Protein chains: 2
Amino acid sequence: MSRSNPRVLSTLERAGGFASAQEVYRLMQREGESIGLTTVYRSLQSLVNDKIVDVLRRDDGEAIYRLCGDAHHHHLVCKGCGDTVEIEGGAIEKWAKTMAEEFGFREVGHTAEIFGLCQKC
Amino acid sequence: MSRSNPRVLSTLERAGGFASAQEVYRLMQREGESIGLTTVYRSLQSLVNDKIVDVLRRDDGEAIYRLCGDAHHHHLVCKGCGDTVEIEGGAIEKWAKTMAEEFGFREVGHTAEIFGLCQKC
DNA sequence: ATGGAAATGAAAATCATTTTCATTTGTGAT
DNA sequence: ATCACAAATGAAAATGATTTTCATTTCCAT
């Protein structure tokens, strides 16, 4: 086990609450912080487990970490610029619950994401 | 430049219109087809360019290719045994479309998956 | 101080994907 | 049929993010 290094979270915040592990690492280096890439990965991982940040994927497959607000939400992601909008998923919650019940599933969770090109792109 | 090897498309279809490059490759191998991994990647790439398939990302970052225009479905996956049920997502389609329009997004796609424990587990 | 648990990071391992490059195949002109 | 050249192929190497290993260091509680 390992707890998150607080400097990692603070750097992610400073990055606009949105960055890849490599970016967080480079940022910390540039700012003269002494930290290893491994620790950055581990810290982000741990923040994800604690649901303090969540993780998406760029088009190129790189994982990007972002501070999440409190409520359960979904994302509308631009394939072009990566811009992300947090959206409500009331319809999804109901759908997931209905489907799960229909097939007798318990302890149900779900993922849902919408992607496309935003106005600018 | 290179055109898509038709056997790749045919295999992707046979896979349910939904698979990663590695999976397509393994499938073709298992079926005794002689093809290189490189060609599989190139063919899928080319199919994406021609907008015959589109590409999403799994949670683990692996790219998955799927025939577009395919009446696509979603999955209900058991966390215990991995059993998967294909389900309809009518409600999702509408939700995705509505949300995307609201924020002015174009060329919209989406992913959605439900997971939980099935009756047996 | 002392021992053990947790944290750290350098280096190696992993894995999907891309690039390189030499070879093979297909095609059209002669 | 033969020649010439473009396109396709695939083995192997390169790339790049992420994970694992493991030896070392830091923290605490006693």
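Computed from a predicted structure; not experimentally measured. Per chain, numbering begins at 1; letters A, B, ... match sequence-line order.
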Do Gln22(A) and Tyr41(A) have side-chain atoms, one donor and one acceptor, less than 3.5 Å apart?
yes
I'd like to know if the side chain of Ser10(A) pairs up with that of Arg14(A) as donor and acceptor (distance under 3.5 Å, no hydrogens or angles considered).
yes
Looking at every strand, decide which applies to [X] at a 4.0 Å heavy-atom threshold: base, sugar-phosphate, or nothing.
X        : answer
Glu62(A) : sugar-phosphate
Ser34(B) : sugar-phosphate
Ser43(B) : nothing

Phosphate-side-chain proximity, Tyr41(A) and dT18(D), N/O vs OP1/OP2 below 4.0 Å:
yes
Is the phosphate of dA7(C), meaning OP1 or OP2, less than 4.0 Å from a side-chain N or O of Asn5(A)?
no
What is the separation between atom [atom1] on [X] and atom [atom2] on [N], rounded to the nearest whole Å?
X        : N       : atom1 : atom2 : result
Tyr25(A) : dT18(D) : OH    : P     : 14 Å
Arg3(B)  : dA7(D)  : CZ    : P     : 9 Å
Ile64(B) : dA16(C) : CD1   : C1'   : 14 Å
Gln29(A) : dT8(C)  : CD    : P     : 15 Å
Leu37(B) : dA12(D) : CG    : P     : 13 Å
Asp59(B) : dC15(C) : CG    : C1'   : 17 Å
Leu47(B) : dA8(D)  : CG    : P     : 13 Å
Gln22(B) : dT18(C) : CD    : C1'   : 12 Å

Specify the residue among Gly61(A) and Gly36(B) whose closest nucleotide of DNA chain D lies further upstream toward the 5′ end.
Gly36(B)
Which listed nucleotide ([options]) is nearest to the side chain of [X]?
X        : options                  : value
Thr39(B) : dA7(C), dT17(C), dG10(D) : dG10(D)
Gln45(B) : dT18(C), dA8(D), dG9(C)  : dT18(C)
Thr38(A) : dG9(C), dG10(D), dT17(C) : dG9(C)

Checking Asp54(B) against Arg66(B) for the salt bridge (Lys or Arg N to Asp or Glu O under 4.0 Å) test, could you report, in this order, the C-alpha distance in whole Å, the side-chain angles of both residues, the deciding distance, and whether it holds?
CA-CA 6 Å; Asp54(B) 54 14; Arg66(B) 131 184 120 184; 3.3 Å; yes
Both Arg42(B) and Ala63(B) contact DNA chain C. Taking the nearest nucleotide for each, which residue is further toward the 5' end?
Ala63(B)
Just wondering, do Phe105(B) and Cys78(A) contact through their side chains at under 4.5 Å, heavy atoms?
yes
Indicate yes or no for a side-chain donor-acceptor contact from Arg106(A) to the backbone of Gly116(B) under 3.5 Å, with no hydrogens or angles considered.
no
